Every structure is written in C-alpha cells, then in structure tokens.
Amino acid sequence: MPKRVLTGLVVSDKGEKTVVVNVERKVKHPLYGKIIRRSKKYHAHDEANEYKAGETVRIEETAPISKLKTWKVIARVNTHVSPERVEIDG
C-alpha cells in the first residue's frame, strides 16, 4: 500500500525532533454545497531539527515512531520561488 504524502504548514517547532504540521483541505458541505475548509494537525519527525515554524513542508506516513508521531518530514516546499526571467528579442 502506498504511503500517503501531504503538504502543510509548520505551526510549531518546539519539540525535540518534532514539528507540528497543519494540513488544510477543502470539502463540499453535503447539504448546502458550499466549499468549506477543514484542517488537521500532524506531529511529524524532523531528525535534524532543520524545519522552522512558517515553512511549507511535505510529510510522509511512516510506522509509528511515538504515541503521536506517525509521519516524517521528507522535504521543504519552496512556495516563494519566482519564475526565471526569459529574454525575448523584439
């Protein structure tokens, strides 16, 4: 069975080798049909303590590491990259 991979925002980096990642998803309300946002916080393993609050990261499901940790951080998602400038001869 493939491992689930989610993308979210680090909201806490205070734990030793642990970050808390807030993952947000959008769902359609079953009665009213309005799109609403749902969020959930996941404790993820950060071996090198390299991820800080405010960063967007990708987490992957793993075997249980502790009571709360069943996810690990696999990569930082760079959301502030601007596209490369292309010179157009005119």
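In this chain, residues are counted from 1 in sequence order. If you're wondering where the values come from, they're calculated on a predicted model, not measured in any experiment.
D46 CG to K72 NZ: the interatomic distance, rounded to the nearest 0.5 Å, is 12.0 Å. How far CD of E60 is from OG1 of T70: 11.5 Å, rounded to the nearest 0.5 Å. The OG1 atom of T7 sits 15.0 Å away from atom CZ of R25, with the distance rounded to the nearest 0.5 Å. Atom-to-atom distance recorded for I36:CD1 and H29:NE2 is 5.5 Å, nearest 0.5 angstrom.
Between I35 and K26, the shortest heavy-atom distance links the atoms CG2-CB, 3.9 Å. When all heavy atoms of E50 and E55 are compared, the pair lying nearest together is O-OE1, 4.2 Å. When every heavy atom of K17 is checked against every heavy atom of E47, the shortest pair comes out as NZ-OE2, 3.2 Å.
Considering only heavy atoms from C-beta on, V23 stays 4.5 Å or farther from K40 through its side chain. A heavy-atom distance below 4.5 Å is not found between the side chains of V57 and V19. No side-chain heavy atom of H45 sits under 4.5 Å from any side-chain heavy atom of T62. The side-chain heavy atoms of W71 and L6, taken from C-beta on, include a pair separated by under 4.5 Å. With a 4.5 Å cut-off on side-chain heavy atoms, E16 and N49 count as touching.
When the shell of 6.0 Å around NZ of K69 is examined, it contains more than 12 heavy atoms from other residues, nucleotides or ligands.
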- request: Check the pair I59 / Y42 against side-chain contact (heavy atoms from CB on, under 4.5 Å), numbers first and verdict last.
  value: CA-CA 9 Å; I59 58 175; Y42 296 92; 4.0 Å; yes
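Remark: of the listed residues V21, T18, I65, T18 is the sole one forming a side-chain contact (heavy atoms from CB on, under 4.5 Å) with H43.
Side-chain heavy-atom separations under 4.5 angstrom define the hydrophobic clusters, and the remaining members of the one that includes Y32 are L31.
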